[in-house]
Amino acid sequence: MFKLLKKDASSLARLGRFVTRRGVIDTPVFMPVGTQGSVKALDPRELREMGTQIILGNTYHLFIRPGLDIIQAAGGLHQFINWPGPILTDSGGFQVFSLAKICKIKPQGVEFRSHLDGSLLFIGPKEAMEIQRLLGSDIAMVFDDCPPHDSPAKDLRAAVDRTIRWAKECREQPRADGQQVFGIVQGASNAALREECAKALVAMDFDGYAIGGVSVGEPEPEMMTAVEHTIPLLPEHQPRYAMGLGTPAQLVELVARGVDMFDCVLPTRVARNGTAFTAKGTISIKAGFNKADFRPIEEGCECFACRHFTRAYLRHLLNVSEILGLRMVSVHNSYMYIRLMADIRAHISAGTFGQFRREFVANYVPSQRVLQTRGITAVRGADE
């Protein structure tokens, strides 16, 4: 199901091909996030035109709204949202622990109150896998326990124990036709716990493996270290997925560390505030310096927004709250992430990834938020 095509000579970066029931995915790959059945502000046609190979949906949110009865009546999630390509569904574990108003952990799963109406709900390994089976996703994730990165040692220990136990139970559940299941390695920044979790999951022989418990508030160096601890423990012949990451420069560095698959809400989330990603960092389109700037968001970009609109016009749209403005910045950001992965694949194939990595990271000015996680207070040009 996953074929390793080429390894980079200068790093752990790899070129791969991942076969799913609904299509072949070339890796490294970025998966736009359609949490509630839609990648925010974008339609399926736009996603396909920019080269999107696979999108992500979320078990927790789709289970609550619109509910399984509606999605089943529509013929499954693909038919309901009119997306013919592969879909990966997160199990909802992170959302249960982070969004639920009140949650109580039990041996069989988690009892919680809906973040919408406070109704009492329960999701455990059996329930999460059954929901994903009925959704009909191509890749289902096991139900895991993802605690905050700064949790006490005893809580991290308990979360890893539950993750392993629940993963075994998930492995035994029925699946949709052709559905693959990924295990999720937890352990926060504790190398010993991550090793224990990874080895236990690999012994269960999942179709792929995810690195969970990253991008949950920890400093960037800790995030990178957690990935570095985990990658060597995962099988070479199966895909590796870093969950919830990251900025463009972080993606380049994570590919260099051996990661194949990514998802992140950043491209559309920051677009709604008028922030655009470029190969040199982020730009605030709403800023005053764009008032009479008739250049595209990024010179040389081939996205629809850059081919048809100027910064000045997009700034105007954003400042008067016209929906087109946030839509076009969302188009640009999503295209930028998809294009970055295509460029990375091309450079790995050509044997030039090492040079590409050095130049991209050197030219990319991180946001102030990322700099703060590195202990740096300010850098000229960040967020401009």
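Just so it is clear, the values below take in all heavy atoms, side chains as well, and ignore hydrogens, waters and symmetry mates. For this chain, numbers begin at 1 and follow the sequence in order.
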- prompt: In terms of heavy-atom contacts, does CG of L120 have more than 12 from other residues, nucleotides or ligands at under 6.0 Å?
  reply: yes
task: Taking all non-hydrogen atoms of both residues into account, name the closest pair between E302 and Y335 and its distance.
output: CB-OH, 3.3 Å
- request: Ignoring hydrogens and angles, tell me if any N or O in the side chain of Q53 forms a donor-acceptor pair with the backbone of D26 under 3.5 Å.
  value: yes
- prompt: Can you find a pair of side-chain heavy atoms, one from H78 and one from P84, that are under 4.5 Å apart?
  reply: no
- request: Specify the closest pair of heavy atoms between A188 and A226, including all atoms of both residues, with the distance to one decimal.
  value: O-CB, 3.9 Å
Heavy-atom side-chain contact between F360 and F353 under 4.5 Å: no
query: Got V29 and I54 here, is their nearest side-chain heavy-atom distance under 4.5 Å?
result: yes
- prompt: Would you call R157 and E196 a salt bridge, taking side-chain N to carboxylate O under 4.0 Å as the test?
  reply: yes
- request: Test side chain to side chain contact (heavy atoms under 4.5 Å, CB included) on E299 and T278 and set out the steps.
  value: CA-CA 9 Å; E299 298 285 358; T278 76; over 6 Å; no
Aromatic ring pairing H61/H115, orientation class (parallel under 30°, perpendicular over 60°, tilted between): perpendicular
- prompt: Would you say R17's side chain and V24's backbone share a donor-acceptor pair under 3.5 angstrom?
  reply: no
query: Within a strict 4.5 Å, meaning less than it, do heavy atoms of the F63 and I123 side chains meet?
result: yes
query: Parallel, tilted or perpendicular: which describes the rings of F18 and F182, with under 30° parallel and over 60° perpendicular?
result: tilted
- request: Please report the shortest heavy-atom distance between N333 and A276, naming the atom on each side.
  value: OD1-CA, 3.3 Å
- prompt: Are K168 and E172 within salt-bridge range, i.e. N to O under 4.0 Å?
  reply: no
task: Report yes or no: do D263 and Y241 form a side-chain donor-acceptor pair below 3.5 Å?
output: yes
task: Check step by step if side chain to side chain contact (heavy atoms under 4.5 Å, CB included) holds for I139 and M261.
output: CA-CA 12 Å; I139 303 169; M261 302 172 67; 4.2 Å; yes
query: Does Q180 use its side chain to pair, donor to acceptor, with the backbone of V19 at less than 3.5 Å?
result: yes
field: Non-hydrogen side-chain atoms of P86 and I25 separated by less than 4.5 Å
entry: yes
task: For atom CZ of R165, decide whether the heavy atoms of other residues, nucleotides or ligands shown that lie under 6.0 angstrom number more than 12.
output: yes
- prompt: Quick one: are D293 and T310 in side-chain contact, heavy atoms under 4.5 Å?
  reply: no
- prompt: Going hydrophobic residue to hydrophobic residue with side-chain gaps under 4.5 angstrom, can you get from L68 over to L62?
  reply: yes
- prompt: Honestly curious: do F122 and Y60 fall in one hydrophobic cluster under the side-chain, below-4.5 Å linking rule?
  reply: no
- prompt: Is it true that L233 and L4 fall in one hydrophobic cluster, defined by side-chain heavy atoms closer than 4.5 Å?
  reply: no
- line: For V142 and S91 the tightest heavy-atom approach is O-OG, 2.9 Å
task: Could you tell me whether R269 atom CZ has more than 12 heavy atoms of other residues or ligands within 6.0 Å of it?
output: no
- prompt: Between D138 and R22, is there a salt bridge with N-O shorter than 4.0 Å?
  reply: yes
query: Hey, does the side chain of R113 reach the backbone of S119 with a donor-acceptor pair shorter than 3.5 angstrom?
result: no
- request: Would you mind checking if E236 and K7 are paired as a salt bridge, meaning a charged N to carboxylate O distance below 4.0 Å?
  value: yes
task: Would you mind checking if E130 and K126 are paired as a salt bridge, meaning a charged N to carboxylate O distance below 4.0 Å?
output: no
field: Smallest separation among heavy atoms of A128 and T59, with atom names
entry: O-CG2, 4.3 Å
task: Start with the C-alpha gap between F143 and M129, add the side-chain angles, then the distance that decides, and say whether side chain to side chain contact (heavy atoms under 4.5 Å, CB included) holds.
output: CA-CA 8 Å; F143 189 73; M129 297 308 295; over 6 Å; no
Which atom of L156 lies closest to which atom of P148, heavy atoms considered: CD2-O, 4.2 Å
message: Parallel, tilted or perpendicular: which one describes the rings of Y313 and F309, with boundaries at 30° and 60°?
response: tilted
message: Using side-chain heavy atoms (C-beta onward) and a distance below 4.5 Å, is L254 in contact with M224?
response: yes
task: For R339 and M336, run side chain to side chain contact (heavy atoms under 4.5 Å, CB included): C-alpha distance rounded to whole Å, both residues' side-chain angles, the deciding distance at 0.1 Å, then the answer.
output: CA-CA 5 Å; R339 184 69 251 170; M336 191 270 179; 5.8 Å; no
Q186 and T163: side chain donor to acceptor below 3.5 Å: no
query: Would you call E228-R257 a salt bridge at under 4.0 Å N-O?
result: yes
- prompt: If we only count heavy atoms from C-beta on, is the T230 to V214 side-chain gap below 4.5 Å?
  reply: no
- prompt: Is the closest side-chain donor-acceptor distance between N273 and T275 under 3.5 Å?
  reply: no
